[in-house]
Protein chains: 2
Amino acid sequence: MTITIKDIAKAADVSTATVSKVINGKMYVSPATRENVLRIMKELNYVPNASAANLARRSNKTILYADNFYKGAPYKNPHMFDIICGVSHELSRKGYHLSLLNLDSCGKHPKELFEEAILSHSADGIILSGVFATPQIERLMLRYDFPQICIGKPDFDTLLSWIDINNMLSANLAVEHLFSCGSRKIAFMGDHETDKIFMDRLRGFRAAMETVGLEVRDEYIAYNDPDINAIYEAATRILELSDPPDGIICTNGLMAVGTIRAIEVKGLSVPEEIELVAFDDYPYSPAVSVPPTVIDIDLFSLGVQAGNLLLKRVRDPAMLIQTYTALPRILERDTTRTKSKIT
Amino acid sequence: MTITIKDIAKAADVSTATVSKVINGKMYVSPATRENVLRIMKELNYVPNASAANLARRSNKTILYADNFYKGAPYKNPHMFDIICGVSHELSRKGYHLSLLNLDSCGKHPKELFEEAILSHSADGIILSGVFATPQIERLMLRYDFPQICIGKPDFDTLLSWIDINNMLSANLAVEHLFSCGSRKIAFMGDHETDKIFMDRLRGFRAAMETVGLEVRDEYIAYNDPDINAIYEAATRILELSDPPDGIICTNGLMAVGTIRAIEVKGLSVPEEIELVAFDDYPYSPAVSVPPTVIDIDLFSLGVQAGNLLLKRVRDPAMLIQTYTALPRILERDTTRTKSKIT
DNA sequence: CTGAAAGCGCTTACAG
DNA sequence: CTGAAAGCGCTTACAG
């Protein structure tokens with residue numbers, strides 16, 4: 001019924017070893033017999049049995065992506081799935097498979113799941129969300145010398161590999177953009193101080209403000225709950241300051257929605273009287289009456305790079321990867337206008 | 001180095017056959033020797049080699065999820081990923097793995113990728129987006145008798161298995177809810193007529209209106225581009241009709257944003273003067289100043305069911321699954337108020 | 001209730 | 001440049 005390497009060998013009148021060599025294309029086979037074997041494989045519609053190859057070669061050509069894939073996760077954090085798309089893209093280009101390891105759905109401790117995955121030899125490497133990177137997991141990975149890369153820098157000094165985005169850099173970009181558009185009094189609409197990403201952006205904001213020689217005013221910084229009406233009110237308060245800002249950075253899209261509404265209600269014109277830059281194009285940009293200029297972070301390409309680096313690590317066990325990447329870029333739309341465009 | 005079934009057999013002083021039997025828990029083993037083997041497995045931290053087991057048992061315990069995982073897909077269609085989460089949840093509960101088959105990233109035709117997947121025996125079954133279900137793919141799946149289930153009913157008569165949501169039913173629910181809240185003149189803010197989901201909802205809307213004995217007025221139905229300002233204007237037009245509606249159904253969240261803004265600007269009070277129900281809680285509900293009542297469709301559980309049914313099909317090759325599921329439910333918030341609540 | 005042995009379909013030193 | 005043969009680590013009739 002199903003046809004095997006033996007059938008090909010027989011039909012081509014060579015050994016299975018030779019067929020294997022042409023399948024894998026590494027060892028030398030004479031062009032003539034290679035062509036012949038290839039032709040017969042095609043004729044018989046032969047595809048090697050993956051399990052058998054995996055067993056013999058001690059490698060599955062599969063990478064695990066470990067995270068909590070809980071109900072609603074894609075709504076709460078679509079970015080994570082864009083990363084997965086990038087990983088999948090890169091891996092399938094390289095002939096690898098991507099398998100999901102759901103840390104969330106069977107009551108077992110992640111450590112147990114990781115160890116099973118490693119010991120069962122069901123993958124060549126693993127990509128895991130940085131939030132699962134604990135010293136315990138670090139020990140596990142290092143003990144088995146299992147190729148791994150964390151998405152997001154673990155919050156302790158570690159020998160694990162990781163890749164992360166540079167939030168300070170993107171805040172810097174926001175400030176520079178507003179500055180080049182003419183803003184001199186820049187406000188910052190932020191999340192709570194417990195939000196790590198926001199705090200990194202705030203730090204980048206402060207640093208960039210100093211660089212361009214602008215003052216950071218306490219009354220220009222708001223810490224908000226994710227509540228649209230509260231955001232609206234906070235923005236209104238800032239706009240009604242006796243000396244109001246002429247530029248605003250919003251740490252996420254929801255902030256931008258509330259802030260833009262406040263600006264409209266106050267009757268200020270955008271971008272003439274006040275300019276605005278927000279982080280995250282998704283999801284709110286289409287729902288805002290004046291399309292906001294936005295700092296977009298390419299998480300797909302973060303995924304591509306994570307996949308690429310992990311594959312390198314699979315080949316070179318000595319490699320340690322710890323890097324910031326995923327450069328931000330400005331999508332200029334209607335809430336800012338660059339002066340003096342260089343064309 | 002890595003420890004195998006032989007090591008366990010030796011340590012437990014039994015044959016590898018016996019160890020295998022306790023691992024798989026199917027054939028009979030005396031309680032005493034079972035306990036002993038189990039204990040030793042634990043002691044030696046033994047996990048069976050998955051590739052070897054796969055080869056011997058001719059089954060990988062893995063299911064493929066095939067779709068285009070292109071850059072930005074999770075923003076454009078987060079629902080698909082919620083389905084994947086549901087599938088992953090169900091499969092990992094049942095000891096199966098979920099592997100992504102990216103149809104988008106290597107220039108090969110999907111048919112080729114499917115055939116390779118089948119012939120390489122790298123999975124026990126496949127879940128694929130219904131848009132890839134063509135007669136050609138149908139022939140392929142049926143020829144190899146490969147367990148499959150499409151997410152979304154294929155648009156031709158087919159022997160493929162599929163699972164889909166019932167958009168007519170959810171529209172029905174929207175109408176019934178508005179009716180029970182007192183609305184009698186109901187408008188419908190829709191997508192273009194080319195949108196299949198919208199057209200199903202519109203059909204359900206018409207049917208439900210007839211059932212409750214209300215008239216469907218042409219001027220109450222708008223076909224919109226996904227442009228927030230255009231939606232706002234269309235909604236305004238409808239609200240300014242000489243005989244305006246007292247209830248509105250929005251076929252998606254963006255429609256709701258634009259419509260609610262139009263309602264606010266016209267100074268109508270919600271839900272007193274006009275009520276509104278929208279489809280899709282995500283992503284816009286948090287960005288609207290008055291939280292909309294919404295029809296939520298549980299796609300995670302659609303995924304759970306898809307996984308569950310496919311696994312049944314893997315066991316019973318004769319099974320054909322064709323079913324509507326993923327029942328919609330109302331999340332009542334501030335844009336409607338149910339009269340006569342039964343408490 | 002348990003084990004010897006064949007087999008799953010490949011890959012890879014090794015010898016020639 | 002090619003092939004014989006061992007081996008990867010399990011599972012599963014089959015016999016006892």
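Reckoned from all heavy atoms, side chains included, excluding hydrogens, waters and symmetry mates. Every value quoted in this text rests on a predicted model; they were computed, and no experiment measured them.
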For this session: Check A:Asn102 against B:His89 and note the closest heavy-atom contact, atom names and distance.
Result: ND2-N, 3.6 Å
For this session: Take atom CG of B:Leu55 and atom C1' of D:dT12, then tell me their distance rounded to the nearest Å.
Result: 13 Å
Exercise. Where the side chain of B:Asp67 meets the backbone of B:Phe69, is there a donor-acceptor pair that is under 3.5 Å apart?
Worked result: no
For this session: Please work out which residues in residues 18-29 of chain B have a non-hydrogen atom less than 4.0 Å from an atom of DNA chain C and list them by number.
Result: B:Thr18, B:Lys21, B:Tyr28, B:Val29
Problem set entry | Whole-Å gap separating C1' (C:dG9) and CD1 (A:Ile5) | 8 Å
For this session: For residues A:Phe114 and A:Gln148, determine if any side-chain heavy atom of one lies less than 4.5 Å from a side-chain heavy atom of the other.
Result: no
Seminar exercise, completed: Judged by nearest nucleotide, the residue sitting upstream toward the 5' end of DNA chain C, B:Arg34 or B:Thr16, is B:Arg34
Problem set entry | Between C:dG9 (C1') and A:Ile8 (CD1): distance, integer Å | 13 Å
Problem set entry | Whole-Å distance separating the CG atom of A:Asn49 from the C1' atom of C:dC8 | 8 Å
Seminar exercise, completed: Taking a pair to mean Watson-Crick or G-U wobble geometry with both distances below 3.5 Å, D:dA4 pairs with none
Exercise. Is any side-chain N or O of A:Tyr46 closer than 4.0 Å to OP1 or OP2 of C:dC10?
Worked result: yes
Exercise. Can you name the ring-ring contact (aromatic ring centres under 6.0 Å, His included) partners of A:Tyr75, sequence neighbours left out?
Worked result: B:His79, B:Tyr282
Exercise. Is there side-chain contact between A:Leu98 and A:Ser92, with heavy atoms separated by less than 4.5 Å?
Worked result: no
For this session: Check the distance between C:dC10's P and B:Leu119's CG and give it to me in whole angstrom.
Result: 11 Å
Exercise. For A:Ala53, which contact category applies under a 4.0 Å heavy-atom criterion: base, sugar-phosphate, or nothing?
Worked result: sugar-phosphate
For this session: Could you check how far CZ of A:Arg58 sits from P of D:dC10, rounded to whole Å?
Result: 12 Å
Exercise. So do B:Leu44 and B:Ile40 actually touch side chain to side chain, heavy atoms under 4.5 Å?
Worked result: yes
Exercise. A:Ser15 side chain N/O closer than 4.0 Å to the phosphate oxygens (OP1, OP2) of D:dG3?
Worked result: yes
For this session: Taking only the side-chain nitrogens and oxygens of A:Ser51, find out if one of them lies under 4.0 Å from OP1 or OP2 of C:dC10.
Result: no
Problem set entry | Rounded interatomic separation in angstrom, taking CG from B:Asn54 and P from D:dT12 | 12 Å
Problem set entry | 5'-most by nearest nucleotide on DNA chain D - A:Pro31 or A:Ala17 | A:Pro31
Seminar exercise, completed: Regarding the side chain of B:Thr4, the nearest nucleotide among C:dT2, D:dG9, D:dT12 is D:dG9
Exercise. Does a donor on one side chain sit under 3.5 Å from an acceptor on the other, for B:Glu115 and A:Asn45?
Worked result: yes
Exercise. Can a side chain N or O of B:Ser30 be found less than 4.0 Å away from OP1 or OP2 on C:dT2?
Worked result: yes
For this session: Report the distance from atom NZ of B:Lys6 to atom C1' of C:dA5, rounded to the nearest whole Å.
Result: 12 Å
